[in-house]
Protein chains: 2
Amino acid sequence: MSFCYAYPRPAVTTDIAVFTIRNQRLSVLLIERGGDPFCGYWALPGGFVEPDEALETCALRELEEETGITGVWLEQLYTFGTPGRDPRQHVITVAYFALVPMESLVLKAGSDANDAQWFYIDDLPKLAFDHQDILDLARHRLRAKLDYSTLAFRFIRDNFTLGELQSVYEIIRGEALDKRNFRKFVKSLGLVEDAGYFKQGGPGKAARLYRLACPDQLYYTR
Amino acid sequence: MSFCYAYPRPAVTTDIAVFTIRNQRLSVLLIERGGDPFCGYWALPGGFVEPDEALETCALRELEEETGITGVWLEQLYTFGTPGRDPRQHVITVAYFALVPMESLVLKAGSDANDAQWFYIDDLPKLAFDHQDILDLARHRLRAKLDYSTLAFRFIRDNFTLGELQSVYEIIRGEALDKRNFRKFVKSLGLVEDAGYFKQGGPGKAARLYRLACPDQLYYTR
DNA sequence: ACAAAAGTGTTCTCGATACACCCATGC
DNA sequence: GCATGGGTGTATCGAGAACACTTTTGT
């Protein structure tokens, strides 16, 4: 069976960089490729766009098929189409990135992948295709948007402590922040409210828990 | 002649929103479509990606073919792939935007277009496809990047007056700015230097002319 | 002379930064 | 009792906003 067109067409894929925070380190989800090209290499989850499929739908579908992750928030990152990025043929990929709360996911290897695994962003294996470029850009965007959006909240769940939230900011920025200034900053955003409970059990004083005041519209400040 | 593949593929195009400032108004370049679909409608210049063609190369080529414009600076905007955006088939378009200096271009109608013309961004005809959405996003991006990049300089040429530069900012932001604050701001950027000449001839006092201190690396502040 | 645009400083406000100590809890 | 993280206020600095008059040129 084959599909024929009057003019040649490049193939189109989506690739997704899923970030989370594990063990206080920024991490990304990769799959081990089971087929050519780059068999045995690690790569971003992703795959070909199906007929009449929206790009974001494709990204969500591939993510579920290859890793079992569903229902995440996605943002389009950039479209990569340099000839030669796939050695077989001209493939244009629309890259997305996703943020998931820390330690909240059960992975399963899917049909297209031998294995799916989290890697620390600063300790990656050699990646297939131009996926390292995609990750470099994604990481850059993540850091930039931290300052003018509320994307950090995507890494945590309701009933978080301000200490946890602060550590998300610190991990993405790669530097320590002043605790009092940070708390002032968070309160000035006006997005969080006291959940009325405390987090018991860890070392140290019990921490007040917070939740999002408007869990829905949670984007772009400034 | 036809081109056949083992799996179906969407078509891929690039579209380009070229902005300039004419008569103190933000304007965009459109072409009148000569063929179906949307024959007779106005649309963004753009067209299909050729085999092994880089996306940006495609955008530049289509822009030249359809409007005669060459060598402009491009930035990738967003990739649109909603099924149904082209009534014939699934077409994914990678949208770019370009900024050209005011009153600097001679247009010519190209092979694929009956006509190419500048339109005021606030006074557009009904556009083909989802090109109005693309323009809405482009305009939004333009306004946002004005504040954290030096993109405004793309609208002017060397030997500009600070009044001219200020009017670029005012036109994109849609509001008047204070002259003294604006001059302080520009000097703090450290990107412009006195060209040593004055602009004679207009009404009012002759204005000092400036040029870019580093015409090359002209991007991203903050 | 007058219309039109160029050019020039100071004050205020607000957000960002720097900085140190006591408190509650688990072990 | 001690180690660990939670919680709190004040002073300083710098960028951005508000604000009005004089100068030069063309007509």
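Here is how names work: the chains are called A, B, and so on, in the same order as the sequence lines, proteins then strands, and each is numbered from 1. Computed from heavy atoms alone, side chains included, the values below leave out hydrogens, waters and symmetry copies.
The side chain of B/R183 contributes an N or O atom lying less than 4.0 Å from OP1 or OP2 of C/dG7.
Counting only heavy atoms from C-beta outward, the side chains of B/L29 and B/I69 approach each other to under 4.5 Å.
If you check C/dA20, D/dG5, C/dA5 against the side chain of B/K205, the one that comes closest is C/dA5. Of the candidates C/dG7, D/dT25, C/dG9, C/dG9 carries the atom nearest the B/R180 side chain, counting heavy atoms from C-beta on. Closest approach to the A/N181 side chain among C/dG7, D/dA18, C/dC19 is made by C/dC19 (side chain taken as heavy atoms from C-beta onward). Nearest to the side chain of B/R208, among C/dG9, C/dG7, D/dG9, sits C/dG7.
Within 6.0 Å of OH in A/Y41 there are 12 or fewer heavy atoms belonging to other residues, nucleotides or ligands.
The distance between atom NZ of A/K199 and atom P of D/dT4, rounded to the nearest whole Å, is 17 Å. What separates CG of A/L162 from C1' of D/dT8 is a distance of 12 Å, to the nearest Å. Between the CD atom of A/E164 and the P atom of D/dG5 there is a distance of 12 Å, given to the nearest Å. In this entry the distance linking CG of A/L177 with C1' of C/dC19 reads 15 Å, nearest Å. Between the C1' atom of C/dC14 and the NZ atom of A/K187 lies a distance of 19 Å, rounded to the nearest Å. In this structure, the CD atom of B/E175 is 14 Å from the P atom of D/dG16, given to the nearest Å. Between B/F182 atom CZ and C/dG9 atom P the separation is 18 Å, expressed in whole Å. Between the CZ atom of A/F185 and the C1' atom of C/dA18 there is a distance of 18 Å, rounded to whole Å.
The base of C/dT17 sits with one of its N or O atoms less than 3.5 Å from a complementary donor or acceptor on the side chain of A/K184.
For A/Y210 and B/Q200, each mapped to the nucleotide of DNA chain D holding its nearest heavy atom, the one lying further toward the 5' end belongs to A/Y210. Along DNA chain D, the nucleotide closest to B/A206 and the one closest to A/D178 are compared, and the more 5′ of them pairs with A/D178.
B/E170 contributes atom CD, which lies 10.0 Å from atom CG of B/L165 (distance to the nearest 0.5 angstrom).
Annotation: cation-pi geometry satisfied between B/R25 and B/Y120 (NZ/CZ under 6.0 angstrom from ring centroid, within 45° of ring axis).
The heavy-atom pair separating B/D194 from B/R208 by the smallest distance is OD2-NH1, 2.5 Å.
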